[in-house]
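In what follows, every chain begins at residue 1, and chains take the letters A, B, ... in the order their sequences are listed. As the structure is a prediction and not an experimental result, all values here were calculated from the model. Just so it is clear, the values below take in all heavy atoms, side chains as well, and ignore hydrogens, waters and symmetry mates.
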Amino acid sequence: MASVSHNPPRGTRDFYPEDLRQRNWLHGQFRETSRRFGFEEVDAPVLEHAALYQRKAGEEIVEQLYHFELHGRHLALRPEFTPSLARMVMARRGALRLPLRWFSIPQCWRYERMTRGRRREHYQWNMDIWGEPGVNAEAELIAAIFTALDSFGLAKGEVVLRVNHRALLEEKLQRDFLRSQPGVFEALCVIIDKLDRSGADAVCAQLSDPKGTVRLDPAAATELVAQLKGTGLEAAARGAKENSPALADLHTLFTALDAYGLAERVRFDASVVRGLAYYTGIVFELRDKGNKFRALCGGGRYDRLLENFGDKPLPAVGFGFGDAVISELLAERGLLPELPRALDAVVYPMSEATRPAAVRLVTKLRDEGCAAELVLTELRAKRVFSHADRAGAARVYLIGDDEHARGVVRVHELESGEEREEPLPR
RNA sequence: GUGGGCGUAGCUCAGUCGGUUAGAGCGCCGGGUUGUGGUUCCGGAGGCCGGGGGUUCGAAUCCCCUCGCCCACCCCA
């Protein structure tokens, strides 16, 4: 038999007990936050029909799909959760009471080159509200994000949520450009999303590329990109058309956020568009203060996603919050806890003669809810105590022939060293 | 994709102008008399020195190839 690599495939991770304790802690904060906001947890298969991700706007998330054909089916590992969610909503559309509030912590996959904080697999906390067109839904989701951040112990100024409204951009282009080029707005957003990393010149070039999908006039592209620099609501107002519904949304949102006490932690930023094609309204992303990491979290409104699947539209808004970047940030701040193994008791029969009594005892302890480990072979006491200590057990229950004969068990508290006897259960 | 660094015990690493049986710390296992941990003392196991090829009397050490990991850049949500 050929020997096998001990490493998991590139870009994936193993979770040893100490790692999984940490992951569970993180996911626990996500779950608890979701619970407090009244959301219900859902899940879907990691494996989906590849057709669920067939889109035209050139999104990277789709280009990096893990996919394959098997027995004539084209399948893919989910790169994000929203399409699965949409599928689930469509399937029960008539029976769902709206607005519905669902959350999930799916493992998502994408095939991309590895660098710091980028893996090919990660867990992404999602919260979504379906059936609510108003921005109060956005406000709830943003509040949940900050509740989670606070639960990690992250200082308030460490991260900023940057908000924009795609319709603000769409309104501007609507009168002339989009009339002659219907259907390119999504692709345009996907390109603009790269502004941060590719730079203004590259983005302008792509927008006005005569062979590209958008084919904006070069001068218009330059002007458009220049307009994306604004931050703050005044900047939003400056660029907006009269009676702009998008601007009204933003004002309503900030008023709502103020009531949550979050207005200072959220900032309008015209350059935020997000790289997913299906967003239609408010979009947002969470960045660290120094802009050192990638976005910790991104989301927005996607009221027309169901149209892509041949169904009638249904208002929806949600976000995805990956575990990779937040873990890096928390680790850097020393906020990732080293969690001990939670073991209450080690039950130690000193001989095979006392084993039945030990089994009865450990069963009783387990029935009472204790995490109790049973010593499985005859071992020297020294070995058992040493092991119990390492495992972080609170106490050792020792049953020797002497105790057994007297119907008792010797209970040794490891932290204090105190010992006492308790009657053995019958 | 480009450039650089690194692969030696379970882990972190030392050793490398080529030369006898390859080292340390931590961890692991055993012991310091009969049934008690965390400290300490003593002992032990464990390495085709990432893999393949070459040079040489001789290679962990030099050369070539290959795989893996890390960092930077490129690319990119």
S.K.: When the P atoms of B:U16 and B:G38 are considered, how many whole Å apart are they?
M.R.: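 Looking at atom P only, B:U16 and B:G38 are 38 Å apart.
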
S.K.: With a sphere of 6.0 Å drawn around CD of A:Glu368, does it hold more than 12 non-hydrogen atoms of other residues, nucleotides or ligands?
M.R.: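 Check passes, neighbour count above 12.
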
S.K.: Taking only the C1' atom of each, what is the distance from B:G44 to B:A9 in whole angstrom?
M.R.: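 Comparing C1' positions in B:G44 and B:A9 gives a spacing of 14 Å.
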
S.K.: What's the gap between B:U55 and B:C62 when it is taken at their C1' atoms, as a whole Å value?
M.R.: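 Those two atoms are separated by 8 Å.
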
S.K.: Can you find a side-chain donor-acceptor pair between A:His74 and A:His67 that sits under 3.5 Å?
M.R.: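 Yes, A:His67 and A:His74 have a side-chain donor paired with an acceptor closer than 3.5 Å.
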
S.K.: Cationic tip of A:Arg287 within the cone over A:Phe293's six-membered ring, i.e. under 6.0 Å and within 45° of the normal?
M.R.: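 Verdict for A:Phe293: no cation-pi partner in A:Arg287.
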
S.K.: Which of residues 276-286 of chain A have a heavy atom under 4.0 Å from RNA chain B?
M.R.: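 Those residues are A:Glu285.
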
S.K.: Can you give one letter per nucleotide of nucleotides 27-39 of chain B, going 5' to 3': B for a protein heavy atom under 4.0 Å from the base, S for sugar-phosphate only, - for none?
M.R.: SSSSSB--BBBB-

S.K.: Does the pair A:Asp344/A:Arg366 count as a salt bridge with the N-to-O cut at 4.0 Å?
M.R.: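 Answer for the salt bridge query: no.
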
S.K.: Mind checking whether A:Tyr53 and A:Pro79 have side chains closer than 4.5 Å, heavy atoms only?
M.R.: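 In contact.
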
S.K.: Pull out every protein N or O sitting under 3.5 Å from an N or O of nucleotides 7-12 of chain B, one pair per line with the distance.
M.R.:
none

S.K.: For nucleotides B:C26 and B:A22, find the distance between their P atoms and express it as a whole number of Å.
M.R.: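 These two P atoms come out 23 Å apart once rounded.
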
S.K.: By ring-ring contact (aromatic ring centres under 6.0 Å, His included), which residues pair with A:Tyr66, not counting sequence neighbours?
M.R.: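 Residues passing ring-ring contact (aromatic ring centres under 6.0 Å, His included) with A:Tyr66: A:Trp109, A:Tyr111.
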
S.K.: Could you measure the distance from the CD1 atom of A:Ile142 to the CD1 atom of A:Ile282? Nearest 0.5 Å is fine.
M.R.: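 Between atom CD1 of A:Ile142 and atom CD1 of A:Ile282 there are 7.5 Å.
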
S.K.: Pick out the pairs of N or O atoms, protein on one side and nucleotides 49-51 of chain B on the other, that lie under 3.5 Å.
M.R.:
none

S.K.: So do the side chains of A:Arg110 and A:Arg120 get within less than 4.5 Å of each other, counting heavy atoms only?
M.R.: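 A side-chain contact is absent here, since even the closest heavy-atom pair is not under 4.5 Å.
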
S.K.: Which donor-acceptor pairs under 3.5 Å do the side chains of residues 416-426 of chain A make with protein atoms, sequence neighbours left out?
M.R.:
from: A:Ser416; atom 1: OG; to: A:Glu418; atom 2: N; distance (Å): 3.2
from: A:Glu419; atom 1: OE1; to: A:Arg410; atom 2: NH1; distance (Å): 2.7
from: A:Glu419; atom 1: OE2; to: A:His412; atom 2: ND1; distance (Å): 2.7
from: A:Arg420; atom 1: NE; to: A:Glu422; atom 2: OE2; distance (Å): 2.9
from: A:Arg420; atom 1: NH1; to: A:Glu413; atom 2: OE2; distance (Å): 3.0
from: A:Arg420; atom 1: NH2; to: A:Glu413; atom 2: OE2; distance (Å): 3.3
from: A:Arg420; atom 1: NH2; to: A:Glu422; atom 2: OE2; distance (Å): 3.2
from: A:Glu421; atom 1: OE1; to: A:Arg406; atom 2: NH2; distance (Å): 2.5
from: A:Glu421; atom 1: OE2; to: A:Arg406; atom 2: NH2; distance (Å): 2.7
from: A:Glu421; atom 1: OE2; to: A:Arg410; atom 2: NH2; distance (Å): 3.3

S.K.: Provide the distance between the two C1' atoms, one in B:C63 and one in B:G27, to the nearest whole Å.
M.R.: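 These two C1' atoms come out 38 Å apart once rounded.
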
S.K.: Protein-nucleotides 65-71 of chain B N/O pairs closer than 3.5 Å?
M.R.:
from: B:C69; atom 1: OP2; to: A:Arg10; atom 2: NE; distance (Å): 3.0
from: B:C69; atom 1: OP2; to: A:Arg10; atom 2: NH2; distance (Å): 3.2

S.K.: Report yes if a donor N or O on one partner sits less than 3.5 Å from an acceptor N or O on the other, where the partners are the side chain of A:Arg274 and the base of B:A77; otherwise report no.
M.R.: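 Pair found.
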
S.K.: Which whole number of Å gives the distance between the P atom of B:U39 and that of B:C28?
M.R.: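 Straight-line distance between the two P atoms is 10 Å.
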
S.K.: Expressed as a whole number of Å, how far does the C1' atom of B:U66 sit from that of B:G10?
M.R.: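 It works out to 26 Å between them.
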
S.K.: Strictly by modelled atom types, are A:Gln124 and A:Asn126 linked by a side-chain donor-acceptor pair under 3.5 Å?
M.R.: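 Judged by distance alone, the side chains do pair up.
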
S.K.: If we take the C1' atom in both B:G18 and B:C13, what is their distance in whole Å?
M.R.: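 Each nucleotide's C1' atom is 23 Å from the other's.
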
S.K.: Using atom types as modelled, flag every donor-acceptor pair under 3.5 Å from a side chain in residues 302-310 of chain A to any protein atom, sequence neighbours excluded.
M.R.:
from: A:Tyr302; atom 1: OH; to: A:Asp128; atom 2: OD2; distance (Å): 2.5
from: A:Asp303; atom 1: OD1; to: A:Arg301; atom 2: NH1; distance (Å): 2.8
from: A:Asp303; atom 1: OD1; to: A:Ala316; atom 2: N; distance (Å): 3.0

S.K.: Excluding sequence neighbours, so at least two apart, what forms side chain to side chain contact (heavy atoms under 4.5 Å, CB included) with A:His251?
M.R.: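 If we apply the side chain to side chain contact (heavy atoms under 4.5 Å, CB included) test to A:His251, skipping adjacent residues, the hits are A:Leu233, A:Leu247.
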
S.K.: Would A:Arg274 pass as a cation-pi partner of A:Tyr279, given that its NZ or CZ must be under 6.0 Å from the six-membered ring centre and within 45 degrees of the axis?
M.R.: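 Checked: cation-pi criterion not met.
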
S.K.: Hey, are the side chains of A:Phe254 and A:Val135 touching, using non-hydrogen atoms and a 4.5 Å cut-off?
M.R.: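 Contact flag for A:Phe254/A:Val135 side chains = no.
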
S.K.: Just to verify, what does A:His122 make a side-chain hydrogen bond (donor to acceptor under 3.5 Å, both in side chains) with, not counting sequence neighbours?
M.R.: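 By the side-chain hydrogen bond (donor to acceptor under 3.5 Å, both in side chains) rule, A:His122 matches no residue at all.
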
S.K.: Establish, from distance only, whether the side-chain atoms of A:Trp125 and A:Ser104 form a donor-acceptor pair under 3.5 Å.
M.R.: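 Distance-only check fails for A:Trp125 and A:Ser104.
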
S.K.: When Watson-Crick pairs (N1 to N3 and N6-O4 or O6-N4) and G-U wobble pairs (N1-O2 and O6-N3) count only below 3.5 Å on both distances, what is the dot-bracket string of RNA chain B, with | for other-strand pairs?
M.R.: (((((((..((((.....[...)))).(((((.......))))).....(((((..]....))))))))))))....

S.K.: For ring pair (Phe, Tyr, Trp, His ring centres under 6.0 Å), just list the numbers for A:Tyr397 and A:Tyr348, CA-CA rounded to whole Å, side-chain angles, deciding distance to a tenth of an Å, and then say yes or no.
M.R.: CA-CA 6 Å; A:Tyr397 288 81; A:Tyr348 172 36; over 10 Å; no

S.K.: Do A:Thr12 and A:Glu121 have a side chain donor and acceptor closer than 3.5 Å?
M.R.: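 There is no such pair (donor and acceptor under 3.5 Å, judged by atom type) between the side chains of A:Thr12 and A:Glu121.
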
S.K.: Give the rounded distance in Å between these two atoms: CZ of A:Arg287 and P of B:A77.
M.R.: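 Nearest whole value for this atom pair: 13 Å.
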
S.K.: With sequence neighbours excluded, tell me which residues meet side-chain hydrogen bond (donor to acceptor under 3.5 Å, both in side chains) with A:Ser84.
M.R.: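 A:Ser84 satisfies side-chain hydrogen bond (donor to acceptor under 3.5 Å, both in side chains) with A:Glu48 once adjacent residues are dropped.
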
